[in-house]
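To start, the structure under review is shown below, and the notes come after it.
Bear in mind the structure is a predicted one, so any value in this text is a computation, not a measurement. Heads up: numbering here begins at 1 and tracks the sequence. Both ligands and their constituent atoms are indexed starting at 1 by order of listing.
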Amino acid sequence: MTRVTLLAGGVGGAKLAEGLAEIHEVSLTVIGNVGDDEEFHGLWVSPDIDTMLYTLSGRVNRDQGWGLADESNRALEMLNCLGTNTWMFLGDRDFGLHIYRTERLRSGDRPSDILADIASKFGINSKIVLPTDARVQTRVLTDEGWLSFQEYFVRERCQPEVLELSYNGLESSKITPEAEQALMETELIVIAPSNPLVSILPILKIPGFHTVLQKATAPILAVSPLIAGKALKGPADRMLTSLNYRADAVGVAHFYENIAAHFLMDSNDVELSDEVSKLGMKPYTADILMPDLAGKVRVAHEILEIYKTISRVGSKC
Ligand code: GDP
Ligand code: CA
């Protein structure tokens, strides 16, 4: 068994999580992103964590990569009929999960315990843990002013240019014991091909997280979400450009240069290898497109093969 801990956002992160979870010799823990969380209709919604729950329990809508399969939207129809603004898509059974989570939060239960119970009731074999029990919320500055992440992402469909990002609540947050244990006890830490700015940074910036990563002995491998300078879905490439970062694998590697010693990017980007090396990271290339389950498992196997070469080199020292 190889213990792997994956830092992940929503759809891109869940793709790799599903591939790793399919491999019997991997024992997987996912540390998810809470930066997208927001209250809707009085309920606490945690979109990236729910995408992970739905994916790893086989309930996800595979066409979308998020939400539940065979979902209906009668509750939203009623809210709409009553004149409520319903731009955030929440399905009927999805509402059930948000009601359950919110009810338990109101009764004072710890967010990490609630998540562990949901994952267990969903029959998920991998662990999904929260990076923090505090509320950390990504905010997006556009020319319309500061928006919540979901206002930018869903309501405005990522159209406005991103001028600045901030992560509310970060200062008073701290890493959970579950995330700390996962990082300290794992054999390999993987940063998923998720949006670095709004899926991974809200995890890495949690006070204490970086220190634990430095103490952890497992090698750290980051996987590029950009292939040939393009995001496969979502605004990562445009966001990087607007914020004056390079929108390619090197631009992504730059975020992880002080954290990850290993960087996996697509074979199409092989000419960027030297620049990644110059950042002090060891570059690896493979086909990292995950269009289906076979693709997800292929990338997961690539990662395990890289891990084997790293641990062989390590054992010579
Ligand atoms: P979100 O929270 O749902 O936006 O998802 P993430 O932040 O976890 O992932 C979004 C990123 O996943 C985007 O930047 C995509 O480029 C990346 N992504 C999606 N599919 C793939 C894939 O098949 N391979 C790779 N390498 N990246 C992907
Ligand atoms: Ca997300």
Inset, instruction - Cation-pi check, K205 to F209: give yes when NZ or CZ is under 6.0 Å from the six-membered ring centre and within 45° of the ring axis, no otherwise. - result: no

What protein heavy atom is closest to [atom], reported as residue, atom name and distance in Å?
atom                    : answer
atom 2 (O) of ligand 1  : G10 N, 2.9 Å
atom 23 (O) of ligand 1 : M290 N, 2.7 Å
atom 4 (O) of ligand 1  : F153 CZ, 4.0 Å
atom 5 (O) of ligand 1  : V11 N, 3.1 Å

Inset, instruction - Measure the distances from the heavy atoms of S224 to every atom of ligand 1 and state whether one is below 4.0 angstrom. - result: yes

Legend entry - Close approach of I288 to ligand 1, heavy atoms, under 4.0 angstrom: yes

For [X], counting its heavy atoms only, list the atoms of ligand 1 lying under 4.0 Å from any of them.
X    : result
A231 : 14 (O), 16 (O)
A236 : 14 (O)
G13  : 8 (O)
D48  : 2 (O)
G9   : 8 (O)
G12  : 5 (O), 6 (P), 8 (O), 9 (O), 12 (O)
S194 : 6 (P), 7 (O), 8 (O), 9 (O)
K233 : 13 (C), 14 (O), 15 (C), 16 (O)

Inset, instruction - Check each of D48, T51, N195 against N33 using the side-chain hydrogen bond (donor to acceptor under 3.5 Å, both in side chains) test, and report the only one that passes. - result: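 So the option named by the test is D48.
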
Inset, instruction - Tell me which one of G19, A286, P225 gets a heavy atom nearest to atom 16 (O) of ligand 1. - result: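 Going through G19, A286, P225 one by one, P225 has the nearest heavy atom to atom 16 (O) of ligand 1.
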
Pair [X] + [Y]: basic N to acidic O under 4.0 Å:
X    : Y    : result
E103 : R106 : no
D92  : R74  : no
E305 : K308 : yes

Inset, instruction - For the pair F95 and H41, name the ring-plane relationship: parallel under 30°, tilted 30 to 60°, perpendicular over 60°. - result: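 Geometry flag for H41 against F95: tilted rings.
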
Inset, instruction - Establish, from distance only, whether the side-chain atoms of T186 and T5 form a donor-acceptor pair under 3.5 Å. - result: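 Indeed, the side chains of T186 and T5 share at least one donor-acceptor pair under 3.5 Å.
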
Legend entry - Working for side-chain contact (heavy atoms from CB on, under 4.5 Å), residues I189 and L7: CA-CA 8 Å; I189 297 168; L7 274 51; 4.2 Å; yes

Inset, instruction - Just give me the atom name: the N, O or S atom of D36 closest to the Ca ion (ligand 2). - result: OD2

Report the part of [X] in contact with ligand 1, treating N, CA, C, O as backbone and CB onward as side chain, heavy atoms under 4.0 Å; options are side chain, backbone, both, neither.
X    : answer
K15  : side chain
S199 : side chain
P193 : both

Looking only at distances, please establish whether an N/O atom of ligand 1 is found under 3.5 Å from an N/O atom of [X].
X    : result
N195 : yes
L289 : no
L232 : yes

Inset, instruction - Take atom CG of D109 as the centre, draw a 6.0 Å sphere, and report whether it contains more than 12 heavy atoms from other residues, nucleotides or ligands. - result: yes

Inset, instruction - Of all the heavy-atom pairs spanning L188 and P219, show the shortest one and how long it is. - result: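 Smallest heavy-atom distance, with atoms named: CD1-O, 3.6 Å.
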
